[in-house]
Structure formats: C-alpha cells, structure tokens
Q: 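Let me begin by handing over the structure; questions about it come next.
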There are 2 protein chains.
Amino acid sequence: MAMMPQTEVMLLLDRIARLHAARRRAVTLTDAQCATLEYLARANRFSRSPSVIADYLATTRGTASQTLKSLAEKGLITEEATEGDRRQRRYALTEGGRTLVEGWLASTAKAETAEAVQAARTLLRSLIASAGGKSFGMCRDCRHHSIGPGGTRTCGLLQITLALEEAGQLCHEFAEAG
Amino acid sequence: MAMMPQTEVMLLLDRIARLHAARRRAVTLTDAQCATLEYLARANRFSRSPSVIADYLATTRGTASQTLKSLAEKGLITEEATEGDRRQRRYALTEGGRTLVEGWLASTAKAETAEAVQAARTLLRSLIASAGGKSFGMCRDCRHHSIGPGGTRTCGLLQITLALEEAGQLCHEFAEAG
DNA sequence: TGCAATAGTTTCGATTCGCTATCATATGGA
DNA sequence: TCCATATGATAGCGAATCGAAACTATTGCA
C-alpha cells in the first residue's frame with residue numbers, strides 16, 4: 001500500500017500549482033490571464049501569436065483568443081505590427097502590463113536553485129515527450145542558434161539575426177541541441 | 001530585460017501544471033476530481049475530511065463538498081464510518097476508485113529523481129510559507145512521530161498508535177521535524 | 001443550560017473555461 | 001486560377017469554480 005515512488009513529484013507539483021493558482025486569484029486576474037502575461041513577458045517576437053500561446057498553455061485557439069481579448073480590454077497587452085504572413089497577429093505587453101508582471105514575479109517563490117531549475121526542466125521534458133507538447137526553450141540553448149564572428153547571434157532556422165536580448169527568450173521553434 | 005532568475009522555476013512549473021491538467025482532461029474526470037482522488041489515495045484517516053481537502057486543494061469547503069459529491073455519485077469514493085466528532089465526515093476510495101487512481105498514476109511522469117523530489121518539496125515549502133498553506137507531510141517525517149520499543153509507531157499529537165502503512169501517508173497535522 | 005464556534009452541505013449568481021463549430025482572411029501548392 | 005490548408009475571431013453550450021450566504025448538526029466553553 002506504500003505509495004509508488006514514481007508519483008511523488010507529480011503530486012507535489014499538483015499542489016504547488018493549486019497554491020500558485022490560489023495566489024493568482026487574489027489578484028484581479030485569472031490563472032489563465034496571469035499565465036498568458038508571464039508567457040508574453042518571456043517569449044520572442046516569433047512566438048507571441050494566439051496559436052503559439054494556445055500550444056504553450058495547452059488549450060485551444062478559441063480559448064487563447066478570448067484570454068488575449070480580455071487582456072487587451074484591460075490595457076495590459078496590445079497587438080503589434082507584424083511583417084510577413086498577414087494571417088498572424090502578434091501581441092506584446094504594454095507598459096502597464098509589463099510593470100504588473102514584473103511586480104508579480106518579484107513576489108513569487110524565492111527558492112530558486114540550479115538544481116530546482118534542472119529538475120523542473122527534466123520533468124517538463126518528460127511530460128512533453130509523453131503528451132506531445134512543444135518544448136519552448138530559449139534561443140541560446142537551441143540547435144538553430146549560432147554565434148558568428150563579432151558575436152552576432154543568428155537563428156539558422158528562420159535565417160535572421162537575433163538581438164542580444166532575444167537569446168534568452170522563449171521560442172516556439174526551439175529544438176534541443178544535438 | 002533579461003528574465004529574473006528567481007522566476008524560472010515557477011514559470012516551468014506553471015507549464016507543467018497546465019500540461020498535466022490537459023492530460024487529465026482527456027479522462028472523464030476534471031482536474032479537481034483527479035487531484036481529490038490522488039489526495040485520498042495518500043492521506044491518512046485523520047486527513048480525509050472536506051475541510052482538510054479544501055485546505056489541500058487551496059479551495060473552499062463548498063467547492064470541495066461539491067467535488068466529493070460528484071465523486072461519490074460516480075462510485076469512486078464513499079463516506080466512511082468515523083468515531084469521535086460527529087460533525088466530521090471522512091471519505092475513502094472505493095475499490096473502483098483505487099484501481100482508477102493506481103492506473104492513472106502509473107501512466108504519469110516517470111522522470112522521478114531524488115533531485116526532482118527534493119526540488120519540488122523545497123518549492124512547495126517556500127510557497128506554503130508565503131501563502132500560508134499547510135504542509136501535509138508524511139507521518140514518518142513529522143515532529144510528532146516516534147518509534148517505540150518493538151517498532152510501534154505513535155503520533156504524539158493525536159496520542160494514537162499508527163499502523164505501519166500510515167507512516168507513509170499524508171497528514172493534515174504535519175509539523176516539520178525540529 | 002445557554003451560546004458561540006466549528007464542520008459540512010446547499011444554494012445563488014457571476015465568471016471562467018474548454019470544446020465545437022462557423023466564419024473571414026490569407027497562404028501555398030496543384 | 002482553384003482549392004485545400006492555416007491563422008484568428010467569434011458565438012453558443014455545458015461544466016466547473018468562486019464567493020457569499022443561509023442552514024443543520026455538533027461541539028465545547030461559560
């Protein structure tokens with residue numbers, strides 16, 4: 001009757017997530033809205049569209065669209081101008097939105113250790129592998145990221161030059177480095 | 001503009017929780033119902049009442065009550081006979097409920113490492129500390145747990161003898177060992 | 001005995017959420 | 001050019017949740 005050791009982490013994480021959601025509820029925003037804002041604060045310019053957000057949040061495009069709409073009505077995000085594919089829309093935090101997210105994140109858990117980050121990444125990877133999700137890693141850890149002469153960062157997949165700050169942002173196209 | 005390192009784990013966990021919830025949604029049960037079943041599978045006999053469950057799930061008694069009601073209607077849990085305080089009600093998994101949970105847990109993440117467990121516990125502890133939740137540790141790790149002559153396990157707080165299997169169950173009264 | 005406090009349930013209205021389907025627009029290949 | 005496909009937006013449905021309140025039963029204290 002002893003608990004199977006394989007289940008411990010998921011049970012702990014479940015509780016963590018619920019406490020986290022309860023904390024968020026104390027703010028004016030819902031859990032999905034908070035998660036969306038936090039994602040937008042970290043994602044690069046190629047990964048801030050409704051479809052990608054839906055992937056990240058493990059929901060549908062319809063729901064993601066609604067969440068974005070509500071955030072836009074609150075003045076926390078805006079639609080950015082985009083080049084290229086004119087079907088796509090890209091959202092970004094407004095000044096107010098960014099201030100809110102930064103303040104919010106600053107007040108969350110402080111128990112950040114290298115081991116904790118590593119453990120969380122490992123878990124996420126295994127869950128993604130069995131659930132078929134996308135990994136959303138950072139450019140600097142991606143297979144397609146390379147640093148040329150003069151320190152120029154480029155994405156080999158999209159064939160573009162990356163700004164320095166973009167190297168630490170999340171990307172929809174992330175691929176594990178070989 | 002670089003992300004503050006303190007936030008990495010919470011963001012990872014947020015995504016893990018969402019993927020987890022999406023997986024659960026694929027089953028007939030809701031996220032809250034799954035979490036309740038999993039909790040009941042691990043909690044000791046003093047910790048399976050609506051109020052305690054509400055604490056664990058970071059929700060209200062009303063919602064917990066509804067969740068339990070729906071699970072009972074599905075035949076997955078039943079109300080146990082209790083001694084002592086007659087206001088309290090205690091629930092337990094039925095055979096079908098236990099089978100379901102065991103099967104479910106067996107199919108969840110396998111990436112269970114000692115570091116991951118430790119990291120999750122650390123995180124949970126810090127979140128609880130700042131959110132005012134309860135820790136729900138296992139009897140064997142509790143301040144009130146002691147092993148007497150002959151290997152008899154006792155809870156010093158409730159003044160009772162514990163069955164061997166109870167030492168690994170979650171308790172509402174858990175207190176960090178000094 | 002009387003009364004405040006607690007455990008649990010139930011109800012209500014409001015909100016959120018997820019899913020599905022439908023529509024408009026835009027893309028890209030045949 | 002024609003058509004399948006993809007991105008988004010939107011509406012409708014059902015379910016779940018929350019918060020608050022009202023209510024019952026029980027406990028425990030004065």
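The analysis underlying the following values was restricted to heavy atoms, covering all of them including side chains, and did not include hydrogens, waters or symmetry mates. By convention in this document, chain letters (A, B, ...) are assigned in the order of the sequence lines, proteins followed by strands, and residues within each chain are numbered from 1. If you're wondering where the values come from, they're calculated on a predicted model, not measured in any experiment.
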Q: Roughly how far, to the nearest 0.5 Å, is the CG atom of B:L170 from the CZ atom of B:R42?
A: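 That separation rounds to 4.0 Å.
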Q: Can you tell me how far the SG atom of B:C171 sits from the CG atom of B:L162, to the nearest 0.5 Å?
A: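 It comes to 8.5 Å.
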Q: Which residues, if any, of residues 68-77 of chain A bring a heavy atom under 4.0 Å of DNA chain C?
A: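 Going residue by residue through residues 68-77 of chain A, none turns out to have a heavy atom under 4.0 Å of DNA chain C.
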Q: Give a yes/no answer on whether the side chain of B:T63 brings an N or O atom under 4.0 Å of OP1 or OP2 in D:dT17.
A: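 No, no such contact exists.
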Q: Considering every strand and a 4.0 Å limit on heavy-atom distances, what is the contact class for A:T30: base, sugar-phosphate, or nothing?
A: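 Sugar-phosphate: the residue A:T30, judged by heavy atoms under 4.0 Å, touches backbone atoms but no base.
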Q: OP1, OP2 of D:dA9 versus side-chain N and O of A:Y91: anything below 4.0 Å?
A: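 Yes, within the criterion.
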Q: Between NZ of A:K74 and CG of A:L29, what distance do you get to the nearest 0.5 Å?
A: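 One finds 5.5 Å between NZ of A:K74 and CG of A:L29.
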Q: Applying side chain to side chain donor-acceptor pair (under 3.5 Å), can you list everything that pairs with A:T60, at least two apart in sequence or on another chain?
A: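 A:T63.
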Q: Listed by chain and number, what are the ring-ring contact (aromatic ring centres under 6.0 Å, His included) partners of A:F136, not counting sequence neighbours?
A: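 For A:F136 the ring-ring contact (aromatic ring centres under 6.0 Å, His included) partners, ignoring immediate neighbours, are A:Y39, A:Y56, A:H172.
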Q: How many whole angstroms separate atom CZ of A:R48 from atom P of D:dG8?
A: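 Nearest whole value for this atom pair: 13 Å.
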Q: Taking protein heavy atoms under 4.0 Å as touching, what does nucleotides 23-30 of chain D look like 5' to 3' if B marks base contact, S marks sugar-phosphate-only contact and - marks none?
A: --BBS---
Q: Would you mind reading off the distance between A:H172 atom NE2 and D:dA6 atom P, rounded to a whole angstrom?
A: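 That distance rounds to 13 Å.
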Q: List the residues meeting side chain to side chain donor-acceptor pair (under 3.5 Å) with A:R87, not counting sequence neighbours, and say none if there are none.
A: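 Residues passing side chain to side chain donor-acceptor pair (under 3.5 Å) with A:R87: A:D85.
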Q: Name the residue closer to the 5' end of DNA chain C, choosing between A:Q33 and B:E79 according to the nucleotide with the nearest heavy atom.
A: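 It is B:E79, whose closest nucleotide lies nearer the 5' terminus.
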Q: In plain terms, say whether B:E80 and B:R48 are close enough for a salt bridge, that is, a side-chain N and a carboxylate O under 4.0 Å apart.
A: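 The answer is yes: the pair qualifies as a salt bridge.
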Q: If I compare all heavy atoms of A:H144 with all of A:A175, which pair ends up nearest, and what's the gap?
A: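 Smallest heavy-atom distance, with atoms named: CE1-CB, 3.8 Å.
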Q: Does a salt bridge link A:R153 with A:E166, judged by any charged N lying under 4.0 Å from a carboxylate O?
A: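 A salt bridge is absent here (no side-chain N lies under 4.0 Å from a carboxylate O).
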Q: Checking salt bridge (charged side-chain N to carboxylate O under 4.0 Å, His left out) between B:D31 and each of B:R25, B:R18, B:R24, which is the one that passes?
A: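 By the salt bridge (charged side-chain N to carboxylate O under 4.0 Å, His left out) criterion, B:D31 pairs with just one of B:R25, B:R18, B:R24: B:R24.
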Q: Between B:T94 (side chain) and B:L76 (backbone), is there a donor-acceptor pair under 3.5 Å?
A: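 Yes.
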Q: Does anything in residues 49-62 of chain B reach DNA chain C, meaning a heavy atom under 4.0 Å, and if so which residues?
A: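 Contacts with DNA chain C under 4.0 Å: B:S49, B:P50, B:S51, B:R61, B:G62.
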Q: Whole angstrom is fine here: how far is it from CD in B:Q66 over to P in D:dA15?
A: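 It works out to 13 Å between those atoms.
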Q: Starting at CG of B:D31 and ending at P of C:dT16, how long is that distance when rounded to a whole Å?
A: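 So the two atoms are 19 Å apart, to the nearest Å.
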Q: Under 4.0 Å, counting only non-hydrogen atoms across every strand here, what does A:A64 touch: a base, just sugar-phosphate, or nothing?
A: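 Nothing: the residue A:A64, judged by heavy atoms under 4.0 Å, touches no strand.
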Q: Round to the nearest Å and state the distance from A:R90 atom CZ to D:dT7 atom P.
A: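 Spelled out: CZ on A:R90 to P on D:dT7 is 16 Å.
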